[in-house]
Amino acid sequence: MLRPLFLLVVIPALLLAGCASKTGADQQLLEKQADIHYRLGVDALQKGALPKAFEELMLSDKLRPNQPNVLDALAYAWRLRGETGKAEALYKKSLRIQSRPETHNNYANLLLELKRYEAAAKQAQLALADPRYRNQHLALMNYGDALLGLQQYDEAIKQYRLAATLRPDDVQPLIREAHAYALMQHPDYAIALLESLNRQNPTHREIVEMLVTLLHQQGETKAAVSYLTAFRDRTPDALDRAWANDLLGQWNHE
């Protein structure tokens with residue numbers, strides 16, 4: 001007589017176990033789909049396909065809300081659209097969910113664009129506080145840029161040099177150091193550093209542009225024309241050649 005009661009107890013338990021298993025499988029599928037859409041969104045961002053990036057990232061966020069990496073990617077997408085307020089709100093939301101060095105660093109970079117240097121310095125320091133962060137050199141450059149905005153030139157240069165030590169194949173820290181020298185009214189130091197960089201990177205437009213601008217400002221137009229002509233003749237980029245020719249034309253009419 002007890003057997004039917006036993007069966008009544010066991011059958012619901014089996015049903016519940018089956019439902020739980022199904023729910024777990026559904027959750028795994030949902031997470032997998034969300035991750036696929038996130039990756040597709042990031043790929044679209046890298047390719048400059050902004051509408052597609054928004055479509056994929058928003059779908060990922062809908063399938064699995066409040067994932068910091070998705071929120072960060074969406075923040076960057078809004079930033080590319082010029083919607084810095086929406087980008088900042090998403091970075092803040094991401095940091096409330098999880099304090100990640102990459103989010104702090106990306107937020108610091110946005111704050112630099114907004115010229116909020118003290119806040120940018122704080123975010124960059126928070127990124128640097130985690131020694132596991134793999135892009136320390138980027139955080140150091142952001143920190144240096146924030147200090148530069150605060151006119152703390154020597155400290156800024158210190159950060160740029162440390163970034164160059166961590167990533168010796170990246171010319172950006174040295175370009176930033178040259179920029180700092182120019183702001184400090186030490187054009188000779190800036191020019192010497194840029195000439196050294198130019199010897200190793202003769203078709204790097206940012207280096208050449210800063211170098212010839214400084215030379216022209218110092219009245220060394222002949223040297224500036226020489227560097228610019230060499231750049232024009234070497235660069236494989238048609239737009240860079242057009243820029244060089246345009247600038248040479250302007251100087252010829254001065």
Side-chain angles (χ1 to χ4, degrees), residues 105 108-109 111-118 120-121 123-125 127-128 133-254:
N105 194 37
N109 194 258
L111 291 167
L112 285 171
E113 180 183 337
L114 299 174
K115 302 188 186 304
R116 289 159 53 186
Y117 299 119
E118 287 188 11
Q123 291 298 321
Q125 285 177 302
L128 290 166
Y133 182 41
R134 295 184 178 183
N135 287 321
Q136 295 262 328
H137 70 293
L138 296 179
L140 285 165
M141 283 192 286
N142 280 333
Y143 187 33
D145 288 351
L147 293 171
L148 203 64
L150 295 169
Q151 299 183 0
Q152 298 179 28
Y153 301 120
D154 290 336
E155 285 300 313
I157 289 171
K158 185 185 298 184
Q159 304 309 315
Y160 296 145
R161 288 179 177 175
L162 184 53
T165 301
L166 294 180
R167 191 62 64 90
D169 58 330
D170 190 349
V171 298
Q172 280 301 320
L174 297 176
I175 291 174
R176 282 167 160 77
E177 183 178 344
H179 179 58
Y181 287 136
L183 291 178
M184 295 169 69
Q185 303 300 314
H186 294 316
D188 291 344
Y189 288 171
I191 289 169
L193 180 53
L194 289 166
E195 285 178 330
S196 176
L197 288 173
N198 179 255
R199 284 193 290 271
Q200 301 168 38
N201 308 273
T203 60
H204 195 295
R205 176 168 165 175
E206 189 176 1
I207 293 171
V208 172
E209 188 168 0
M210 189 182 298
L211 174 58
V212 300
T213 299
L214 283 171
L215 287 168
H216 186 252
Q217 289 172 351
Q218 296 303 305
E220 299 181 38
T221 303
K222 185 176 180 180
V225 168
S226 177
Y227 279 114
L228 194 54
T229 303
F231 170 78
R232 180 198 61 188
D233 294 342
R234 290 182 179 183
T235 181
D237 190 285
L239 290 177
D240 284 350
R241 281 196 301 274
W243 163 77
N245 279 322
D246 182 62
L247 190 54
L248 285 167
Q250 291 179 37
W251 288 346
N252 287 332
H253 286 90
E254 287 182 355

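A donor-acceptor contact closer than 3.5 angstrom is absent between the side chains of N109 and E113. Defined by atom type and a distance below 3.5 Å, a donor-acceptor pair is present between the side-chain atoms of D145 and Y160. With no hydrogens or angles considered, a side-chain donor-acceptor pair links Y133 and N105 at under 3.5 Å.
Smallest separation of non-hydrogen atoms from R241 and T235: NH1-O, 3.0 Å. Across all non-hydrogen atoms, the minimal contact from V208 to P202 is CG2-O, 4.0 Å. Considering every non-hydrogen atom in both L193 and A178, the closest pair reads CD2-N, 3.7 Å. For A182 against A190, the heavy-atom pair with the smallest separation is N-CB, 4.1 Å. Contact between R232 and A244 at its shortest, heavy atoms only, is CB-CB, 3.8 Å. Across all their heavy atoms, M141 and A163 have their closest contact at CG-CB, 4.0 Å.
A 4.5 Å side-chain heavy-atom check between H179 and M210 finds at least one atom pair inside the cut-off. In this structure, V171 and H204 have side chains that are in contact, with non-hydrogen atoms separated by less than 4.5 Å. In this structure, the side chains of L228 and W251 come closer than 4.5 Å at one or more pairs of heavy atoms. Residues T229 and S226 have side chains not in contact (no heavy-atom distance under 4.5 Å, counting atoms from C-beta outward). H216 is not listed as a side-chain neighbour of L247, based on a closest heavy-atom distance of 4.5 Å or more.
Checking side-chain atoms of N201 against main-chain N and O of L197 turns up a donor-acceptor pair under 3.5 Å. Without hydrogens or angle criteria, N252 side chain to L248 main chain gives a donor-acceptor distance under 3.5 Å.
Atoms CD and CD1, from Q152 and I157 in turn, are 12.5 Å apart once rounded to the nearest 0.5 Å. For the atom pair OG1 (T165) and CD (Q136), the distance works out to 13.0 Å, reported to the nearest 0.5 Å. Considering CD1 of I175 and CD of E177, their distance stands at 11.5 Å, rounded to 0.5 Å. Rounded to the nearest 0.5 angstrom, H186 NE2 and I191 CD1 are separated by 13.0 Å. With values rounded to the nearest 0.5 angstrom, N245 atom CG is found 11.5 Å from Q250 atom CD. For the atom pair CD of E155 and CG of L150, the computed distance is 11.5 Å after rounding to the nearest 0.5 Å.
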Q. So L138 and Q172, side-chain contact (heavy atoms from CB on, under 4.5 Å) or not? Walk me through it.
A. CA-CA 10 Å; L138 296 179; Q172 280 301 320; over 6 Å; no
(Q) side-chain contact (heavy atoms from CB on, under 4.5 Å) for Y189 and M184? Distances and angles first, verdict last. (A) CA-CA 10 Å; Y189 288 171; M184 295 169 69; over 6 Å; no
Q) Under the side-chain contact (heavy atoms from CB on, under 4.5 Å) criterion, do L148 and R176 qualify, and how do the steps go? A) CA-CA 9 Å; L148 203 64; R176 282 167 160 77; over 6 Å; no
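Remark: E206 engages no residue in a salt bridge (charged side-chain N to carboxylate O under 4.0 Å, His left out) (not counting sequence neighbours).
Ring orientation note: the planes of W243 and F231 are nearly perpendicular, at an angle over 60° on the 30°/60° scale.
Few gaps surround OH on Y153; more than 12 heavy atoms of other groups in view lie less than 6.0 Å from it.
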